[in-house]
Protein chains: 2
Amino acid sequence: MSLKHLILALVATRQSTGYEITKELDEVAGFFWRATHQQVYRELGDLAETGLLRFREVEQNGKPDKKVYAITAKGRKAFEAWFLEPTDPPRGADPLMIKFFAAELVGIDELRKQLANARAGHEAMLAAYEAIEAQHYAEPMRKMPRWKQLIFMTLRLGMARERAWLEWADESEKALRA
Amino acid sequence: MSLKHLILALVATRQSTGYEITKELDEVAGFFWRATHQQVYRELGDLAETGLLRFREVEQNGKPDKKVYAITAKGRKAFEAWFLEPTDPPRGADPLMIKFFAAELVGIDELRKQLANARAGHEAMLAAYEAIEAQHYAEPMRKMPRWKQLIFMTLRLGMARERAWLEWADESEKALRA
DNA sequence: TATAGATATGCAACTGTATGCATATGGAAG
DNA sequence: CTTCCATATGCATACAGTTGCATATCTATA
């Protein structure tokens, strides 16, 4: 139940609407977590129903009305309790590995094509991360405020992952050529 | 729908039972894919119902009876079609990153503890992979038969992932000490 | 003879994620 | 004046994965 807690954290930092949360998640999308607006609105509903968040409806002119969510004392407590729990490890399941496992049934040539396509995807991902780094995290880490350091570290993990994948792909392509 | 296709691949390589498939998945567990026996039996049922697998019941003495599954022509075709499709990229979501994102709400000390715990988990995972490598993949890759090379490559990806994570953790621990 | 463990199979309920569909306001551009 | 885009919210369905529970055979060990 991680998305619930991510939303809780976002709202704890700054009260906001489903729309805003969705956009914030889109911006950290990929290097960290993904969620659709449908998911976000549903979790907000659940969170409000269980008393971890509360909301007020705000009328706007020039734009549709909105619901602004804020965290409750109960919500803050629940988040802290979750934070202190042991974190379950990510299950790094890559469907491409199934194709490796089964490649001889279809042919190594086809596997090579699959690997090349996957490589393109990972290269694009890494390029996107590097662009974000160049735009927003160019200054040395020790000069950033803590909150920015922390988000930068999540980006760094994304980059480390992609670089490791690409190195593995080099090694594998070489072995498959033989 | 990757588990379905992994099972299809396993059965295509060698006809087998739910029990055997579960054990095979347990052995490659972690560095590749995870599934419970309940999941396996359910997928086998679905696969047989849609005609991608067929099974015969085999009576045993000294052991409970079993169902041996084999792939059908339709199953083989479905698998090949899936193989040729573009692979969707793994969604690398790590719940620990949520704790990074939200660490200032709870305290950097608690984050450090979380990071240390997660590190222990990843170190154990890497050690397990390295043990498998030493036991089963000690010979040079070019001397292995193709099928073994391919499985070894999936193990190598698991190791690359863990090593990248640990390097990232070093970097992050250093930054958090400052 | 009781009990634990390996072999063998499965249902039911729940949680989490993904996908498709639906609606509404108001500004900007063609 | 129509269509597109940003803003704003949500339901319903399906699929995938997790957890708890249940059953049965036979061997080996205490």
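These numbers come from the heavy atoms of this one structure, side chains and all, not from hydrogens, waters or symmetry mates. Naming: A, B, ... by sequence-line order, numbering from 1 per chain.
Atom CG in B:Asp26 sits about 14 Å away from atom C1' in C:dT7, given to the nearest Å. With rounding to whole Å, A:Tyr41 atom OH is found 17 Å from C:dA18 atom C1'. The distance between atom CG of A:Asp65 and atom P of C:dT23, rounded to the nearest whole Å, is 19 Å. As rounded to whole Å, 14 Å separates atom P of D:dC26 from atom NZ of B:Lys66. Rounded to a whole Å, the OH atom of A:Tyr69 is 14 Å from the P atom of D:dA8.
Interface residues of residues 75-85 of chain B facing DNA chain D, ordered by number: none; criterion, heavy-atom separation under 4.0 Å. The stretch residues 42-57 of chain A does not touch DNA chain D, since none of its heavy atoms comes less than 4.0 Å from the strand. Within residues 31-40 of chain B, the residues approaching DNA chain C are B:His37, B:Gln38, by heavy-atom distance under 4.0 Å.
Taking the six-membered ring where the residue is Trp, A:Phe79 and A:His5 present tilted rings, their angle falling between 30° and 60°.
Annotation: side chain to side chain contact (heavy atoms under 4.5 Å, CB included) contacts of B:Pro86 (sequence neighbours excluded): none.
In terms of phosphate contacts, B:Lys23 brings no side-chain nitrogen or oxygen within less than 4.0 Å of OP1 or OP2 of C:dA6. The phosphate of D:dG10 (OP1 or OP2) has a side-chain N or O of A:Lys67 nearer than 4.0 angstrom.
In this structure, A:Lys99 does not pair ionically with A:Glu110, as no charged nitrogen and carboxylate oxygen lie closer than 4.0 Å. Salt-bridge formation is not detected for the pair B:Glu167/A:Arg163: no Lys NZ or Arg NE/NH1/NH2 atom is positioned less than 4.0 Å from an Asp or Glu carboxylate oxygen. Using a cutoff of 4.0 Å between basic side-chain nitrogens and carboxylate oxygens, B:Arg112 and B:Glu173 are not scored as salt-bridged.
Between B:Trp168 and A:Phe152, the distance separating the two ring centers is not shorter than 6.0 angstrom.
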Go along nucleotides 25-30 of chain C 5' to 3' and tag each nucleotide: B for a protein heavy atom under 4.0 Å from its base, S when only backbone or sugar atoms are that close, - otherwise. BS----
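Remark: the backbone N or O of A:Gln60 is paired with a side-chain donor or acceptor of A:Asp65 at under 3.5 angstrom. Not a single donor-acceptor pair under 3.5 Å links the side chain of B:Arg54 to the backbone N or O of B:Thr72.
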With a 3.5 Å cut-off and sequence neighbours excluded, list the donor-acceptor pairs that the side chains of residues 23-45 of chain B form with protein atoms.
from: B:Thr36; atom 1: OG1; to: B:Gln39; atom 2: N; distance (Å): 3.3
from: B:Tyr41; atom 1: OH; to: B:Tyr19; atom 2: N; distance (Å): 3.4
from: B:Glu43; atom 1: OE1; to: B:Lys4; atom 2: NZ; distance (Å): 2.8

